[in-house]
Amino acid sequence: MTTVRIPAGWPATEERARAVQDELRGRVVLDEPGPPPGTGRVTGVDVAYDDERDLVAAAAVVLDAASLTVVAEATAVGRISFPYVPGLLAFREIPTVLAALEALPGPPGLVVCDGYGLAHPRRFGLASHLGVLTGLPTIGVAKNPFTFAHEDPDAPRGSTSPLLAGTEEVGRALRTRDGVKPVFVSVGHRVSLDNACAHTLALSPDYRLPETTRRADALCRRALREAAQVSRSPAD
DNA sequence: GCGACAG
DNA sequence: ATCTTGTCGC
């Protein structure tokens, strides 16, 4: 586990954070298909918080895309770098997530984020932001819809319906389990929407959420518990 | 102005 | 995200 510090120059206000998004948005690459589903490596990242102790823990879990077995993992802990503001989630999660990714012993391959990419008020959600900063192919898989119109997909697993910003399809509601609430997929960086959905489906053979986010969620919670434990100990 | 709003 | 018991079902 590595310890992170908030980067110098990290935006301190919502206005500055939005300006950063507007500046970086132009670097997103949307015309690459990305790695084929079911091959290579896929990495899930997630973050857990303890606002009381001002602690944040991130995890990165690398899976073999074909077998969905864990091939590597890493965690990082740090101080909370930004409050939760809808539309500015990346500024709360990215420093610690980056540290966890950098702590991995090998390349992450495709990165699956908890949240949105293109399906964002300024088209630059967490997955887009992480992709631009790392250069890695990224997608976003969210558990809840943001403010985009969509219809409920048909009941069978694999059914989709578009997330619409006006007439622009910025993502898809994707049913990963028959009759169960869909997940909300959008493109981050260097991956097509079709491929993002195919990856998400391939990563979710048994549960609503992809194995990547399930594994990363469990690991970052454990890392947070351990970090909180240290902060309670007499040595502190 | 009011409500909604990824994690 | 996080606070939280039991409960229904495979």
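Everything numeric in this text was worked out from a predicted model, so none of it was measured.
A heavy-atom distance below 4.5 Å is found between the side chains of A:Leu130 and A:Val45.
Side-chain contact of A:Glu93 with A:Tyr49: a donor-acceptor pair under 3.5 Å is present, judged by distance alone.
Within the 4.0 Å cut-off from OP1 or OP2 of B:dA6, not a single side-chain nitrogen or oxygen of A:Lys143 is found. Between B:dA6 and A:Arg92, no contact under 4.0 Å exists linking OP1 or OP2 to a side-chain N or O. When the side-chain nitrogen and oxygen atoms of A:Asn144 are compared with OP1 and OP2 of B:dG7, one or more of them lie within a distance under 4.0 Å.
Relative orientation of the A:Phe148 and A:Tyr116 rings is perpendicular, given thresholds of 30° and 60° on the angle between their planes.
A:Glu14 has its CD atom 12 Å from the C1' atom of B:dC5, to the nearest Å. At whole-Å resolution of the value, NE2 in A:His120 and P in B:dG7 are 13 Å apart. At whole-Å resolution of the value, CD1 in A:Ile80 and C1' in C:dT2 are 11 Å apart. Here B:dA6 presents its C1' atom at 11 Å from NZ of A:Lys181, a figure rounded to the nearest Å. Separating the CZ atom of A:Phe146 from the C1' atom of B:dG7 is a distance of 10 Å, rounded to the nearest angstrom. Between A:Asp114 atom CG and B:dG7 atom P the separation is 6 Å, expressed in whole Å. Rounded to an integer number of Å, the gap from A:Arg53 CZ to C:dT2 C1' is 13 Å. Computed from coordinates, the A:Asp217 CG to B:dA6 P distance equals 17 Å when rounded to whole Å.
At the heavy-atom level, A:Pro121 lies nowhere under 4.0 Å from the strands shown. When heavy atoms are screened at a 4.0 angstrom cut-off, A:Ala119 is found touching no nucleic acid atom at all. No contact: A:Leu163 has no heavy atom under 4.0 Å from any strand. Residue A:Gly140 is out of contact with every strand shown, counting any heavy-atom pair closer than 4.0 Å. When heavy atoms are screened at a 4.0 angstrom cut-off, A:Tyr49 is found touching the sugar-phosphate backbone but no base atom.
Residue A:Thr147 places its side chain closer to B:dC5 than to any other of C:dT2, B:dA6, B:dC5.
Using a 4.0 Å cut-off between charged side-chain N and carboxylate O, A:Glu168 and A:Arg123 make a salt bridge.
Aromatic stacking of A:Tyr84 on C:dA1: not satisfied for centres closer than 5.5 Å together with planes under 30 degrees.
A cation-pi contact, defined as under 6.0 Å to the ring centre and within 45° of the axis, links A:Arg214 to A:Tyr207.
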